[in-house]
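What's counted below: heavy atoms across the whole structure, side chains too, no hydrogens, waters or symmetry copies. Values in this document were obtained by computation on a predicted structure and should not be read as measured data.
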Amino acid sequence: MTMTLISTGIDGLDHVLGGGLTPNRLYLVEGVPGSGKTTLALQFLLAGVKLNEPTLYVTLSESIAELGAVGASHGWSFDGIAIRELAASEEALRPDDQYTMFHPSEVELGETTRTILEDVERIQPKRVVFDSLSELRLLAGNSLRYRRQILALKQFFSGRNCTVMLLDDMTSTDHDLQVQSIAHGVISLEQLNPDYGTERRRLRIVKYRGMRFRGGYHDYIIERGGLKVFARLVASEARKAVEMTRYASGIAALDALIGGGLERGTSTLIAGAAGTGKSSLAAQFVHAAALRGEKALMLLFDESLSTLVKRTGELNIGLQPHIDSGQVTIKQVDPAELSPGELTNAIRAAVERDGVSVVVIDSLNGYLNAMPGERFLIIQLHELLSFLGQLGVATLMVSAHHGLIGNNMTTPVDVSYLADTVILMRYFEARGEVRQAISVVKKRGGAHERSIREFKMAGGLIQIGQPLRDFHGVLTGVPVFQGEQDGLMESQS
């Protein structure tokens with residue numbers, strides 16, 4: 001028998017949970033203040049309101065006015081949600097109302113519980129939220145009474161066809177696992193504060209009895225309208241048969257160098273020093289894709305959109321008409337403001353929803369800065385490239401080397417072993433000028449030229465010269481000429 005799951009009101013979270021929540025169970029949502037617990041809980045109740053279900057929000061910490069402000073910030077109406085405020089009243093602060101013969105927990109906990117149960121009997125809600133457990137923990141006075149109270153609540157709701165969500169702000173100095181062991185499922189929210197940039201938030205499912213859920217951490221953001229969860233990418237879920245066709249660049253000499261073009265479903269790394277023409281080369285492939293009637297996505301971390309369009313336009317790479325028609329989408333990414341999960345989700349949506357067949361990441365240096373740590377970059381990038389490859393997308397990655405010339409050039413992170421094709425671009429000195437060279441040093445599954453050719457951006461075109469066969473040491477930046485005619489392209493005046 002298959003049980004129908006209920007929605008949390010957050011599509012991404014339902015996906016992580018394997019479809020939603022098992023109804024008529026008790027769940028724990030825990031996280032530090034500011035992580036979005038109240039927002040998540042309200043979305044859960046609003047999803048019930050859309051189904052005409054009676055719902056109840058029990059607040060022991062926030063006032064109704066404060067909850068109203070939360071709702072207003074998201075454009076929500078709480079019509080259909082019964083809100084019971086059980087925060088300490090002003091009269092409770094008067095000396096005459098302080099307990100003397102009994103410990104406060106013995107009186108206040110009983111009163112609070114009785115009020116909650118009366119509301120449940122009267123409203124008969126299908127969804128209930130308790131915000132938060134910290135107040136119940138304080139009212140209980142000790143861990144034994146607190147655990148008994150939670151167990152009693154669980155037993156009370158077990159026969160009432162009601163799904164309960166308990167919120168815990170984890171402000172207790174002795175955070176224990178008691179409620180986690182009692183709850184049917186546990187959702188943990190985290191808020192990270194990097195040294196620079198906006199805060200990052202992520203969640204994980206700590207526990208979910210009887211359900212296959214997506215483990216690990218999943219990024220999420222809080223925006224107007226509530227939480228938006230970006231489920232962690234799992235490349236194996238996107239496997240399908242892909243026809244291995246080639247994407248030409250539109251420049252015959254360049255296509256010959258890379259063996260006829262870039263294969264569909266492969267990844268290409270364009271590496272070199274700053275200014276060697278990496279971004280222009282990537283833009284050439286995007287332009288060629290648009291001319292074929294295919295869609296492309298460029299993610300810019302370092303260069304502005306206007307600069308790219310102007311600069312490539314001078315090389316006869318007219319991106320603007322294709323941007324206007326929707327064939328080419330260019331997103332300018334601020335790594336200090338965008339989480340890795342949000343970025344991956346944007347790429348995934350472009351491929352699955354919009355039919356993008358060429359993706360450019362310019363550059364990996366900026367992509368690295370969007371990561372919480374370098375050790376995660378390789379894993380996430382590997383998963384992303386595998387996902388795109390299985391969907392038949394050609395991916396181009398631009399990587400800028402540290403340094404301009406010589407043997408001491410380094411990369412911020414080595415991803416050359418992940419790429420199917422590696423195009424290397426270098427500066428070298430000849431005839432008293434700084435020139436550029438291009439070569440393909442790796443290509444899986446196909447033949448390519450082993451020669452090093454001169455690369456030039458002049459005369460409104462990208463030009464690929466003849467193989468530099470009479471030079472030795474071009475990749476070092478200071479080659480030695482060993483022939484009679486160097487074969488270099490003439491300078492444009």
Side-chain angles (χ1 to χ4, degrees), residues 12 15-16 200 202 204 214-221 228-240 242 247 262-271 278-279 282 285-286 289 294-302 329-335 337-400 411-423 442 444:
H15 183 60
V16 170
R200 304 282 176 87
R202 63 182 186 177
R204 71 184 181 99
R214 179 164 296 193
Y217 287 103
H218 312 274
D219 292 335
Y220 69 96
I221 59 174
K228 190 172 183 180
V229 177
F230 309 107
R232 181 175 59 84
L233 190 67
V234 179
S236 59
E237 297 176 352
R239 286 178 181 155
K240 70 175 186 179
V242 175
Y247 291 151
L262 300 178
E263 282 78 9
R264 182 181 179 187
T266 63
S267 58
T268 301
L269 174 65
I270 305 175
K278 303 180 301 298
S279 298
F285 281 101
V286 168
E294 298 174 10
K295 290 187 176 182
L297 169 68
M298 295 187 73
L299 300 170
L300 301 183
F301 287 88
D302 310 319
T329 302
I330 301 180
K331 293 183 180 292
Q332 211 167 323
V333 181
D334 184 352
E337 301 296 323
L338 195 69
S339 67
E342 189 174 357
L343 177 64
T344 302
N345 184 77
I347 298 174
R348 180 174 189 167
V351 172
E352 295 182 334
R353 182 190 63 205
D354 303 330
V356 163
S357 60
V358 176
V359 172
V360 174
I361 300 175
D362 186 7
S363 66
L364 284 179
N365 307 65
Y367 185 69
L368 172 62
N369 292 332
M371 296 293 154
E374 182 179 333
R375 62 186 182 278
F376 301 123
L377 173 65
I378 296 296
I379 299 173
Q380 295 199 34
L381 191 58
H382 179 274
E383 200 75 6
L384 177 61
L385 294 178
S386 298
F387 170 80
L388 294 175
Q390 288 166 6
L391 290 179
V393 176
T395 308
L396 291 93
M397 303 171 289
V398 174
S399 178
T411 58
V413 58
D414 184 15
V415 296
S416 58
Y417 73 96
L418 291 179
D420 298 299
T421 304
V422 178
I423 300 175
K442 169 189 175 182
R444 290 191 182 119

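By the side chain to side chain donor-acceptor pair (under 3.5 Å) test, Thr266 is found to be paired with no residue, residues two or more places apart in sequence or in another chain being considered. Remark: Ser357 engages Glu294 in a side chain to side chain donor-acceptor pair (under 3.5 Å) (not counting sequence neighbours). Residues meeting the side-chain contact (heavy atoms from CB on, under 4.5 Å) test with Ala346, sequence neighbours left out: none.
Considering only heavy atoms from C-beta on, Leu381 comes within 4.5 Å of Leu364 through its side chain. The shortest distance between side-chain heavy atoms of Glu383 and Thr344 does not fall below 4.5 Å. A 4.5 Å side-chain heavy-atom check between Val393 and Phe387 finds every atom pair outside the cut-off. The side-chain heavy atoms of Ile361 and Phe301, taken from C-beta on, include a pair separated by under 4.5 Å. The shortest side-chain heavy-atom distance between Lys278 and Val398 falls under the 4.5 Å cut-off. Residues Thr329 and Asp354 are not in side-chain contact: their nearest non-hydrogen atoms beyond the backbone lie 4.5 Å or more apart.
Interatomic distance, CD1 of Ile221 versus CD of Glu342, reported as 4.0 Å (0.5 Å rounding). We find the CG-CD1 distance between Leu396 and Ile270 to be 5.0 Å, quoted to the nearest 0.5 Å. Here the straight-line distance linking atom OG of Ser399 with atom CD1 of Ile423 works out to 13.0 Å at 0.5 Å rounding. The line from CG of Leu269 to OG of Ser416 is 7.0 Å long, rounded to the nearest 0.5 Å. Taken from CD in Gln390 to CG in Leu385, the straight-line distance is 11.0 Å, to the nearest 0.5 Å. How far CZ of Phe230 is from NE2 of His218: 13.0 Å, rounded to the nearest 0.5 Å.
Proximity of a side-chain donor or acceptor of Asp420 to a complementary backbone N or O of Ser267 within less than 3.5 Å is detected. Listed for the Arg214 side chain is a donor-acceptor partner under 3.5 Å among the backbone atoms of Arg232.
Closest heavy-atom contact between Val351 and Leu391: CG1-CD1, 3.6 Å. Considering every non-hydrogen atom in both Leu297 and Ala350, the closest pair reads CD2-CB, 3.8 Å. Nearest approach of Ala394 to Glu263, heavy atoms of both residues: CB-O, 4.2 Å. Closest of all the heavy-atom pairs between Ala419 and Met397 is CB-CE, 4.1 Å. In plain terms, the two heavy atoms of Gln380 and Pro340 that are nearest each other are OE1-CB, 3.4 Å. Smallest separation of non-hydrogen atoms from Leu418 and Ile378: CD1-O, 4.2 Å.
Atom NZ of Lys442 has more than 12 neighbouring heavy atoms from other residues, nucleotides or ligands inside a 6.0 Å radius. For NE2 of His15, the number of neighbouring non-hydrogen atoms (other residues, nucleotides, ligands) closer than 6.0 Å is greater than 12.
For the side-chain contact (heavy atoms from CB on, under 4.5 Å) with Lys295, the qualifying choice from Val358, Val286, Val356 is Val356, the only one to do so.
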